[in-house]
Amino acid sequence: MRFEAYAHGRDHDAVTTDRRGFLKVMAASGGAFAVGWWPALAADNNAASANAKPIAPAAFVSIARDGRVEIRVNRLEFGQGTLTSLPMLLAEELDVPLSRVKAVLAPAGEAYKDPVFGMQMTGGSTAIAHGWSQYRAIGATMRTMFINAAASFWRTSAANIGTQAGYCVWGGQRVSYATLTQLAREQQIPKRIEFKDPARYSIVGKPQRRFDGAASTDGSKQFGIDMKLDGQVTALVAHPPTFGGRVAKFDATKALAIAGVLGVYEVPVDRRGTGLAVFAKGYWPAKQGRDALEVEWKPGASANVSSAALSAEFRKHALDPRRTVRDWPDGVSREAFAQAAKRIVAEYEFPYLAHAPMEPLNCLIDLQKDKCTVWVGSQFQTMDQRAVADVVGLDVEQVTLNTMPAGGGFGRRAVPSSDYVREAAEVAKVWNKRGKGGPVKLIWSREDDITGGYYRPMHIHRAEIALDARGRVLAWDHAIVGQSIVTDTPFEKFLVKNGADATMTEGVAENHYDMPLRLRITHPDVPVPVLWWRSVGHTHTAYVMETLIDEIARAANQDP
């Protein structure tokens with residue numbers, strides 16, 4: 001079946017779907033009408049592959065007998081507002097008031113994968129960009145099916161029927177969506193739906209209260225770190241002081257003497273290292289127990305790495321970068337510098353930076369023999385669910401990952417290695433192997449957050465700019481040295497071209513100022529774990545470019 005979605009007053013969006021796959025979502029639960037969607041539904045910009053295959057969808061929205069609407073959000077809410085904005089899109093097209101909507105974060109699941117990236121994730125400011133067509137189409141499809149159900153109910157043409165605030169209306173009569181759920185389930189999937197004319201929007205583009213606004217300000221909102229289950233124990237891990245370091249030997253006598261400490265066991269940690277997990281009846285005794293440990297460590301690969309040594313190495317690379325990302329235009333060469341009336345030489349150094357979200361990293365796991373349940377504020381639900389399954393030896397389908405609201409992230413909760421989630425699974429597995437059982441919550445302290453790795457990479461920029469006597473740019477030679485953040489990740493195939501990480505050069509490679517600019521780079525191999533950091537490459541490139549443009553303007557006696 002060809003499914004076409006049209007928007008009034010604009011070019012239409014055409015999306016191919018699988019009718020049999022869609023019908024799988026027509027399942028009732030407690031009188032609810034459930035609808036799902038799948039990654040084949042592209043964003044308006046057709047960024048998704050037209051050949052993407054649909055998957056068995058799970059419900060995005062359900063309407064209960066009392067008319068309440070539950071909408072599930074396939075992202076993480078950590079302050080950016082997706083728990084409100086995505087339901088707004090669906091409610092607008094479904095034609096239900098937000099006052100009747102309850103928004104919840106969806107668990108990890110195939111149906112909730114990003115329609116462009118093909119994995120469930122939150123990042124790159126893509127929630128609305130990639131959910132714009134998806135969530136509107138779900139709402140518009142449901143509205144069309146309710147209209148068709150009402151036509152059957154009243155025995156009239158669907159063309160006579162309108163919708164208003166969760167009701168189908170015709171000739172002074174109205175019937176609620178809740179009443180029509182059974183008839184709606186029996187309707188054929190419409191071959192064509194029509195999006196609302198934006199001029200008729202009553203929700204989108206209008207001021208709205210955030211669903212979680214009051215709870216966020218009065219302290220009642222439950223974040224991952226607030227989650228608590230009966231019989232839960234808390235674990236803190238003593239990490240090696242170098243990345244990839246391992247426990248040589250330890251004495252836990254003093255730690256075990258602290259009231260509330262239940263055990264100390266060696267566990268695998270990130271980068272093939274090992275650490276010591278301290279289990280206790282709460283965070284504070286676990287923290288005291290960890291502080292009391294006596295440990296000798298085998299150094300990891302980063303043992304001989306220092307910021308000063310890296311800075312010196314990076315500066316050498318900046319003088320002779322390995323790759324050219326953008327060459328000078330025809331007619332421009334190094335000779336321009338010998339002919340220049342003025343030269344600007346500038347060097348910039350950006351240090352490693354931790355993300356330091358307000359809510360430290362945490363993960364609660366209830367591991368049982370044939371199933372595992374996880375509560376975590378994850379930006380990468382698909383990867384984190386698979387990581388837990390891999391560690392505990394279960395199938396992915398046996399792992400339920402509940403998405404918890406998070407107190408910030410800035411990229412740190414989107415880790416391809418799933419470092420802290422994998423660590424939590426290792427901790428829960430060790431606890432179970434000791435015959436203890438029950439839920440285990442791993443918490444990282446603020447110190448763990450800062451020293452635990454996955455930083456915004458260190459970068460060195462070196463720019464040489466040749467100017468003529470009037471201050472016009474004759475040639476610009478720009479070097480950037482820094483680690484790649486997407487190599488060996490799922491994003492490498494479309495973000496690394498000819499060995500260059502596009503996230504490192506964004507803001508320079510595009511040459512927005514149309515200068516005769518040559519860009520060269522080096523990606524050093526350094527045993528320090530790095531990761532995207534909010535705004536990614538622009539955290540360093542924007543400052544460099546804008547201050548250099550100011551320098552050029554000053555040299556030309558112009559206002560920047």
Side-chain angles (χ1 to χ4, degrees), residues 124-125 307-308 310-329 332-334 336-356 410-411 455-486 495 500-524 526 530-560:
S125 301
S307 295
L310 288 177
S311 177
E313 178 190 344
F314 283 21
R315 280 185 162 81
K316 289 179 182 177
H317 284 301
L319 294 172
D320 186 22
R322 295 173 184 167
R323 285 186 172 84
T324 298
V325 175
R326 181 188 188 94
D327 212 342
W328 281 313
V332 177
S333 70
R334 188 74 200 176
F337 289 88
Q339 303 165 4
K342 301 178 183 178
R343 291 179 66 200
I344 295 172
V345 179
E347 198 170 74
Y348 300 77
E349 181 171 357
F350 297 86
Y352 288 106
L353 289 178
H355 301 73
F410 319 115
Y455 305 110
R456 195 282 302 271
M458 169 189 274
H459 283 95
I460 295 287
H461 285 245
R462 189 178 193 277
E464 292 185 67
I465 303 172
L467 308 169
D468 67 12
R470 295 171 58 187
R472 292 177 299 187
V473 176
L474 301 174
W476 182 331
D477 197 6
H478 199 113
I480 309 178
V481 181
Q483 291 165 260
S484 169
I485 59 174
V486 295
L495 285 176
D501 183 341
T503 65
M504 172 224 218
T505 61
E506 60 185 1
V508 180
E510 300 87 350
N511 194 19
H512 294 301
Y513 288 104
D514 195 25
M515 299 288 186
L517 183 148
R518 176 173 73 167
L519 173 61
R520 296 177 295 159
I521 67 160
T522 294
H523 289 314
V526 179
V530 293
L531 188 67
W532 30 77
W533 198 80
R534 184 66 178 138
S535 88
V536 198
H538 297 290
T539 64
H540 54 100
T541 62
Y543 180 80
V544 171
M545 292 301 291
E546 296 311 308
T547 56
L548 285 174
I549 289 295
D550 280 8
E551 293 286 346
I552 294 168
R554 190 173 293 110
N557 294 316
Q558 293 185 37
D559 187 312

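Note that this is a predicted model, so its numbers are computed, not measured. Reckoned from all heavy atoms, side chains included, excluding hydrogens, waters and symmetry mates.
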So do [Y] and [X] actually touch side chain to side chain, heavy atoms under 4.5 Å?
{"X": "V536", "Y": "I485", "answer": "yes"}
{"X": "L467", "Y": "R343", "answer": "no"}
{"X": "H461", "Y": "F350", "answer": "yes"}
{"X": "H478", "Y": "V544", "answer": "yes"}
{"X": "V481", "Y": "I521", "answer": "no"}
{"X": "S125", "Y": "R534", "answer": "yes"}
{"X": "E347", "Y": "I460", "answer": "yes"}
{"X": "R322", "Y": "R520", "answer": "no"}

Just by modelled atom types, is the [Y] backbone N or O under 3.5 Å from a matching donor or acceptor in the [X] side chain?
{"X": "W533", "Y": "Y352", "value": "no"}
{"X": "H540", "Y": "P351", "value": "no"}
{"X": "E510", "Y": "G507", "value": "yes"}
{"X": "E506", "Y": "G537", "value": "yes"}
{"X": "K342", "Y": "A555", "value": "yes"}
{"X": "S484", "Y": "D501", "value": "no"}

Interatomic distance, [X] atom [atom1] to [Y] atom [atom2] [nearest 0.5 angstrom]:
{"X": "H459", "Y": "L353", "atom1": "NE2", "atom2": "CG", "value": "11.0 Å"}
{"X": "H538", "Y": "M545", "atom1": "NE2", "atom2": "CE", "value": "11.5 Å"}
{"X": "L519", "Y": "N511", "atom1": "CG", "atom2": "CG", "value": "9.5 Å"}
{"X": "H355", "Y": "W532", "atom1": "NE2", "atom2": "CH2", "value": "9.5 Å"}
{"X": "M515", "Y": "L548", "atom1": "CE", "atom2": "CG", "value": "10.0 Å"}
{"X": "T522", "Y": "E313", "atom1": "OG1", "atom2": "CD", "value": "9.5 Å"}

Open item on the list: A quick test of your reading: do over 12 heavy atoms of other residues, nucleotides or ligands sit less than 6.0 Å from CZ of R334?
Closed with: yes

Open item on the list: Around atom CZ of R326, are there more than 12 heavy atoms from other residues, nucleotides or ligands closer than 6.0 Å?
Closed with: yes

How far apart are the closest heavy atoms of [X] and [Y], and which atoms are they?
{"X": "A336", "Y": "A466", "value": "O-CB, 3.9 Å"}
{"X": "P329", "Y": "P516", "value": "CD-CA, 3.9 Å"}
{"X": "A479", "Y": "A318", "value": "CB-O, 3.4 Å"}
{"X": "W328", "Y": "D477", "value": "CZ2-CB, 3.8 Å"}
{"X": "A463", "Y": "W476", "value": "CB-NE1, 4.0 Å"}

- [ ] Would you please test R456 and T539 for side chain to side chain donor-acceptor pair (under 3.5 Å) and show each step?
- [x] CA-CA 9 Å; R456 195 282 302 271; T539 64; 2.8 Å; yes

TODO: Run through I344, I549, I465 and flag the one making a side-chain contact (heavy atoms from CB on, under 4.5 Å) with V473.
DONE: I465

TODO: Hey, can you tell me if Y543 and Y348 have their rings parallel, tilted or perpendicular (30° and 60° cut-offs)?
DONE: perpendicular

Task: Donor-acceptor pair between S311 and E349 side chains, under 3.5 angstrom - done: yes

Task: Donor-acceptor pair between Q483 and Y455 side chains, under 3.5 angstrom - done: no

Task: Test side chain to side chain contact (heavy atoms under 4.5 Å, CB included) applied to L474 and F337, step by step - done: CA-CA 8 Å; L474 301 174; F337 289 88; over 6 Å; no

